[in-house]
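Protein chains get the first letters and strands the later ones, always in sequence-line order, with residue 1 at the start of each.
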Amino acid sequence: MPELPEVETVRAGLERHVAGRVIASAEVLHPRAIRRHVPGVEDFTGRLCGVKIEAARRRGKYLWLDLADGEAMLAHLGMSGQLLVQPEDTPAEKHLRARFRFADGGPELRFVDQRTFGGLALAELVEVDGTAVPNTIAHIARDPMDPLFDAALAVRLLRAKRTEVKRALLDQTLVSGVGNIYADEALWRSRLHWARPTERLTAKQAQAVLSAAAEVMAEALVAGGTSFDALYVNVNGQSGYFDRSLDAYGRVGEPCRRCGTPIRRDPFMNRSSFSCPRCQPKPRTRTR
DNA sequence: CTTCAAACCTGTGGGC
DNA sequence: TGCCCACAGGTTTGAA
């Protein structure tokens, strides 16, 4: 599933292949794909017709296209979303949800999404902390790859939480871009158990786990960013990074790369958490 | 105000 | 062979 490094790869592809072009027509093939665009399908397609795309931007797992009329087309890939740049005569994908044709007659932009957790919407741009962002994601924090990311602030916010450390890492208002995979990897690198109460984190531990999250995402971006030159801008969660570089996520029963102890899998928020029983010992039962 | 959990989706794969 | 169900998980929404 696309997380920050994959979304950044898509953003770079959009910047290269779509920025500077004028949308000739927009078509929505599945209304759920634009459910967050409250005014509806006709408003969405109508307002995009004839508009020039200025740039492709990203914050956390959200990305958006700056439009010449001053608004933005916001996209979230959800679990299974893809933004593809395809020649117009390419057959429609099975889960094609929306398509955008361009005035230059070149390759079109397609939104494909099997599970429809993702979606597109038009949004007004607002200034938050000196940066223009779509109003509907004004609450999303800067991600660790943002040049203006405030690490000291994130450490303070993390320690001010009253919850488990992994829940806090997944809180997009504290730091954005961290999903289940990178949360587990960051916790493994910093030798913290996912259920460690945030109020018991030392400043050093909080700083370490946030740094680890930034590092693992930066490494994933390098590993997954090899297809920037391809016209076919694809995100399918199958980047080489996942096959060879994960230390915890999905490795249940396999030996910890540090100590050899089999990795465990715990139920966590209707999904899974992977960790090393020895390197990441369970915290003492908390007393509320 | 903060924290928590259900709901939203559909394809895959294991078990029987 | 084929059916059923668990599982994958980011975000929103409403409850506590």
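- Every residue two or more places apart in sequence or in another chain that forms a ring-ring contact (aromatic ring centres under 6.0 Å, His included) with A:H76 is listed here: A:Y62.
- Side-chain proximity of A:H139 to the nucleotides C:dT12, B:dC4, B:dT3 is greatest for C:dT12.
- Sorted by first and then second residue, the salt bridge (charged side-chain N to carboxylate O under 4.0 Å, His left out) pairs involving residues 63-87 of chain A (not counting sequence neighbours) are A:R47-A:E71, A:R57-A:D66.
- Nucleotide C:dT11 holds its P atom 6 Å from the CD1 atom of A:I140, rounded to whole Å.
- With respect to the salt-bridge test (charged N to carboxylate O, under 4.0 angstrom), the residues A:R189 and A:E185 do not qualify.
- For A:M79 and A:I137, each mapped to the nucleotide of DNA chain C holding its nearest heavy atom, the one lying further toward the 5' end belongs to A:M79.
- For A:R97 and A:D113, the salt-bridge test fails: no basic side-chain N is under 4.0 Å from an acidic carboxylate O.
- Rounded to whole Å, atom C1' of C:dC7 lies 12 Å from atom CG of A:N180.
- For the pair A:S272 and C:dA8, the criterion of a side-chain N or O lying under 4.0 Å from OP1 or OP2 is met.
- Contacts of A:R58 classified as side chain to side chain donor-acceptor pair (under 3.5 Å), with partners at least two apart in sequence or in another chain: A:E8, A:D143.
- Note: CD (A:E6) to C1' (C:dG10) measures 14 Å, nearest angstrom.
- The distance from atom CZ of A:R36 to atom C1' of B:dC9 is 13 Å, rounded to the nearest whole Å.
- Relative to the side chain of A:E3, the nucleotides C:dG10, C:dC7, C:dT11 differ in distance, and C:dG10 lies closest.
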Using a cutoff of under 3.5 Å, can you pull out all pairs of nitrogen or oxygen atoms linking the protein to nucleotides 5-8 of chain B, with atom names and distances?
{"from": "B:dA5", "atom 1": "OP2", "to": "A:R167", "atom 2": "NH2", "distance (Å)": "2.8"}
{"from": "B:dC8", "atom 1": "O3'", "to": "A:R32", "atom 2": "NH1", "distance (Å)": "3.1"}

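- Applying the side-chain contact (heavy atoms from CB on, under 4.5 Å) rule to A:V128 yields the partners A:V126, A:V133, A:A138; only residues at least two apart in sequence or on another chain are considered.
- Using a 4.0 Å heavy-atom cutoff across all strands shown, A:G78 reaches no nucleic acid atom at all.
- Between the CG atom of A:L170 and the P atom of C:dT11 there is a distance of 9 Å, given to the nearest Å.
- Note: CD1 (A:I34) to C1' (B:dC9) measures 18 Å, nearest angstrom.
- Applying the side chain to side chain donor-acceptor pair (under 3.5 Å) criterion to A:W188, with sequence neighbours excluded, gives no partner residue.
- A:E199 has its CD atom 10 Å from the P atom of B:dT3, to the nearest Å.
- Between the side chains of A:E93 and A:Q82, not a single donor N or O lies within less than 3.5 Å of an accepting N or O.
- Fit an axis to the five pairs at each end of the helix from B:dT2-C:dA16 to B:dC16-C:dG2 and the two axes sit 50° apart, to the nearest 10 degrees.
- The side chain of A:K61 places an N or O atom within less than 4.0 Å of a non-bridging phosphate oxygen (OP1 or OP2) of C:dT11.
- Between A:S275 and the options A:R264, A:Q280, A:R251, a side-chain hydrogen bond (donor to acceptor under 3.5 Å, both in side chains) holds for only A:R264.
- Side chains of A:L4 and A:V178 form no contact here, defined as non-hydrogen atoms less than 4.5 Å apart.
- Side-chain contact of A:S273 with A:D184: a donor-acceptor pair under 3.5 Å is present, judged by distance alone.
- Residues satisfying the ring-ring contact (aromatic ring centres under 6.0 Å, His included) test with A:F268, not counting sequence neighbours, are A:W194.
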Might you list the N or O atoms of the protein lying below 3.5 Å from N or O atoms in nucleotides 10-12 of chain B, with each pair's distance?
{"from": "B:dG11", "atom 1": "O4'", "to": "A:Q114", "atom 2": "OE1", "distance (Å)": "3.1"}

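- A:R278 is linked by a side chain to side chain donor-acceptor pair (under 3.5 Å) to nothing, counting only residues two or more places apart in sequence or in another chain.
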Where do N or O atoms of nucleotides 13-15 of chain C meet protein N or O atoms at under 3.5 Å, pair by pair?
none

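- A straight line from CG of A:L63 to P of C:dG10 spans 16 Å, rounded to a whole angstrom.
- Using a 4.0 Å heavy-atom distance criterion, A:R35 is classed as making no nucleic acid contact.
- Residue contacts for A:F268: at a heavy-atom cut-off of 4.0 Å it reaches no nucleic acid atom on any strand shown.
- With sequence neighbours excluded, no residue satisfies side chain to side chain donor-acceptor pair (under 3.5 Å) with A:K61.
- A donor and an acceptor atom, one from each side chain of A:T90 and A:R110, are nowhere located under 3.5 Å apart.
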